[in-house]
Each structure stands twice: as C-alpha cells, then as structure tokens.
Amino acid sequence: MVVTRFAPSPTGYLHLGNARTAIFSYLFARHHGGKFILRIEDTDRERSKKEYEESLVEDLRWLGLDWDEFYRQSERFDIYRKYVDQLLEKGYAYPCFCTEEELERERREAELKKIPYRYSGRCRNLTEREVERLKAEGRPYAIRFRVPDGRTVVFEDLIKGKIAINVDDFGDFIIVRSDGTPTYNLVVVIDDALMGVTHVLRGEDHISNTPKQILIYKALGFEPPSFAHLPVILGPDRSKLSKRHGAVSVASYREEGYLPEALFNYLCLLGWTPPSGDREVFLKEELIEIFDLKDVNRSPAVFSVEKLRWMNGVYIREVVSRERLYEAALPFLKEAGYPVEDREYVMKVLELTRDAYETFKEMVIRLRPFFVDEVEIPENLMNPLRDARDVLSEFLKRLEGADLSSPDKVKEFVKGIIRDMNLKPRQVWHPLRVALTGEEEGVGVDILMSVLPKEKLRSRVERVLSCLG
Ligand code: GLU
C-alpha cells in the first residue's frame, strides 16, 4: 500500500510551497488508494508554536485535505530515545561534549581559510573512560551521527532521477541536541520507517538532507522509502518565492477571498503538467484520478498571482454551485456589514453577478450598491447629473407601473425612456447608474434594477433630485 505524509514544522504559517507539497502527497496517496498522514514536526522546542500548528491544521482542512493518521513528534520522544540508544550501542553515534564556543571557533577558522565548515570530529574517538568522566562532571553533550569516510550515497529520485552525493563534506552531524531534543534528520527517518511511509514527497531543498537520512536508515536496519523531490516555486522575477513577492501564506489568500477549490487546483499546476493537454481546471476528484508523479516537472515553477486570480474567477463564474457560492461568499458579505438575512435576495444577487468579480474581497466592493441603504455620490459625479434631471424625473414617473422582474425587462423599460425622450442610450443609462450606484462603472445597472426593491430605487433617485434642487 502507498503511504505518504506531509510533515510540516509548526514554526510559521502554511505557505504556498508547503501547501503544494501537502496536496501532491495527498493526491498521490488517494490516487493509489493509499494512506495519507499528517505529522507535526515539532521537535525544535524553541521555534515550534502551538498557534502555528493550529493554523496549519485549519489551512489544510480549508484546502480540502483530510488525513488518515495524525502525529506530533513532541509526543514520541520515548520512541526516538530507544533508537538513539541503539545507534550509540552499535557505534553509529557518539556523544559530543564540544561547547558552543569551541564549535564557533572551528567555524570561524574554516571561514578564514575559506573552506566549507564541517565538524572536526574532536569527540569522535573519545574512549569510554573519557566519556564517563565528562558525563560524571555534568558536562552537557549532544549526540552526533558518525558519517562514514569516503562514502557516496546514491539514490533514485522519482522526479529528479539518479542523485549521487559524497558525504565527506557533511562532517558528523547532530542527531540529539544538548537539551535532549532529537533533530529533524533523525526523527524523520524513525517516523517514516515506523509509519510505513513508502513515498516521501517534499521540496527539493531537502535533497541535501536525503543522504544523511539514508545513512541513518541503513544504520538502523530500515529500508529507505522512495523519494520524490518537488521543484521549487519561484516568484515572477525567478527568485525563490518569498514574502518579497507579496502574500505567500494560504491564510492570506483565504482572507483575500479565494476559493479553496481554486487555490487547490492552481497549486497543482505549479510543477505538474496535466496529461490532458490544454485543460487546466480540475476538481479535486478529477485530480485524484489523473495525478501521477511522472507528470511532475523537474524544473522550477513560477507563481503568478494573476493566473491564480483568473482561476478563482473561473471557479466563481463557472465551476461552483449556487449553494457553494453563497456559502463561501456569505462571511465576506457579513464582515462588510451588509444585511444578509434575506437568503433568497443574496442568492439572486450572487447568481446574477458571478462574472463581476474574481475574489470575494472584490465582490464586497462591487456589490456595495446591492446591499447598502443609500449610496453616496461623489461631488464630481453630481454636476453632470444636473443635465439629466428630466431623465431621472421621467424614470420616477414610470417606475410604479414598470416590469423590472429581470435584467432583460429592465432593458426594455429603459429603452422605452430612451425612445420617448429621443435620447442616446448613454444619456439615460449613465445618469441612472450614477444615481443608483454612485459609480460611473460597475456591475450592470440593469441587474441592480431587477433585484433592488422599487422603493429603494425610488428613494435613491429622489434623493439625488432633491440634492440637485
Ligand atoms: N519538517 C520538514 C519541513 O517542514 C519536513 C521535511 C520532510 O518532508 O522530510 O521542511
């Protein structure tokens, strides 16, 4: 059975790159009818925060992911200790008593000589007696993995192909910090092995860690899983996507009013090419059906917020159901303070204006005239209305008997005024729009007139006329 996992460190908010890793791991597992695990990698006590864990979980759920098992590494220290003992016993690891100052000195020396730093191995060959003595003195110690000399670790990456890395440059690396907490490279191996993970999908920034992990697998007598390192995501300037490029957290896209379905779909296109040619819009179920690692690209993907926005627009206009649109839009309307008690009204407005905005934040602005009691008319738009007093009066005169039950009926009604007053269409539509919305352009005023109660239409126009005097 295929088993994948997503293993975020709760040291920050879920960002787009990690979300894509989670999605690919999820799709791969579901595609194969396998298991998807969420594992919180919180062994770094100083940097891990509960609030980050909570927001990670919330964001993953929001994106539509579900997991079969959930773990927190901070609750598994007893398990790790057992394996550390095993490594110590067999000589694969050793205690290191070097102090921070001593290590710092080594680092500086390497810097002066302009050679890459690696641990000198000073504690590598301490005798058992020396170790006992230092321990008895109460000297704090870390535990290091003994990296074999002159070894090249080779593995077949499912995306990048064959990768060979000489581990001589690594130096013996720390697997347990002096405060007793185990480090990432150790626990990732123990957990992936014990949890039966068959495929490790993660960002390519972890390629350099993989040989260390493979050495630990071997030392513990575990079979390494298959590795699939995903291409990095770049910003528009082709440097690694980061805050400098704007919003990169999943939460900020949720707050901006993106649909999780659209973000999910868009993230899939970052580094994966659908096998079906030009089509780009896929629901989760379809993605589960067609997702395959062989279609994941080796080269970096470029994030484009314009494209994401476009896709969100497609989802709002064409993909999601009325009910889903209502459910997703409602919190934004509420937050804006718009009255939403009349469910039918809200549904109708949303249904008729789906093509007027691409995010829900934008929706709130565009749909203002549909929800506020009165509209403010900016001074510069007031003046031109003076020439249109008679149009507005005519509108009021005819309003009572008008059939405004649909945008088409509204158009007919307005055409009647245009014809009878012998005016150009713009000479009627424009003042009506300004009077009813306070804007010169925006969502179709025919739509607005078809849904807004007549008394509101009347009061808005009357108010303008009385201001004009
Ligand atoms: N906690 C690691 C990270 O967030 C996990 C890497 C891995 O998947 O092995 O980068």
Subject >> Sidechain N-carboxylate O distance under 4.0 Å for Glu306, Arg309 >> reply: no
Subject >> Over 12 non-hydrogen atoms of neighbours within 6.0 angstrom of CD in Glu46 >> reply: no
**OP:** Decide, yes or no, whether a salt bridge links Arg72 with Glu53 under the criterion of side-chain N to carboxylate O below 4.0 Å.
**Re:** yes
Original post:
So do Phe24 and Leu270 actually touch side chain to side chain, heavy atoms under 4.5 Å?
Top reply: no
**OP:** Using the six-membered ring of Phe173, assess whether NZ or CZ of Lys212 lies under 6.0 Å from its centre and within 45 degrees of the ring axis.
**Re:** yes
Original post:
Under a 4.0 Å N-O cut-off, is there an ion pair linking Arg254 with Asp59?
Top reply: yes
Subject >> Charged N-O contact under 4.0 Å between Arg47 and Asp42 >> reply: no
Original post:
Ring centres of His199 and Phe28 under 6.0 Å apart?
Top reply: yes
Original post:
Can the positive tip of Arg368 be found less than 6.0 Å from the middle of the six-membered ring of Phe370, inside 45° of the ring normal?
Top reply: no
Subject >> Ring-ring centroid check Tyr13 Tyr52, cutoff 6.0 Å >> reply: yes
Subject >> Set of residues satisfying side chain to side chain donor-acceptor pair (under 3.5 Å) with respect to Asp387, sequence neighbours excluded >> reply: none
**OP:** Mind jotting down which residue pairs meet the salt bridge (charged side-chain N to carboxylate O under 4.0 Å, His left out) criterion with at least one end in residues 201-211? Sequence neighbours excluded, please.
**Re:** Lys160-Glu204
**OP:** Answer yes or no for Arg39 and Tyr71: cation-pi contact, defined as NZ/CZ to six-membered ring centre under 6.0 Å and angle to ring axis within 45°.
**Re:** no
Subject >> Lys/Arg-Asp/Glu bridge criterion (N-O < 4.0 Å) met for Arg76, Asp191 >> reply: yes
**OP:** For atom CD of Glu379, decide whether the heavy atoms of other residues, nucleotides or ligands shown that lie under 6.0 angstrom number more than 12.
**Re:** no
Original post:
Would Arg30 and Asp66 pass as an ion pair if we require N to O under 4.0 Å?
Top reply: yes
Original post:
Does the distance from a Lys or Arg side-chain N to an Asp or Glu carboxylate O, for Glu111 and Lys114, drop under 4.0 Å?
Top reply: no
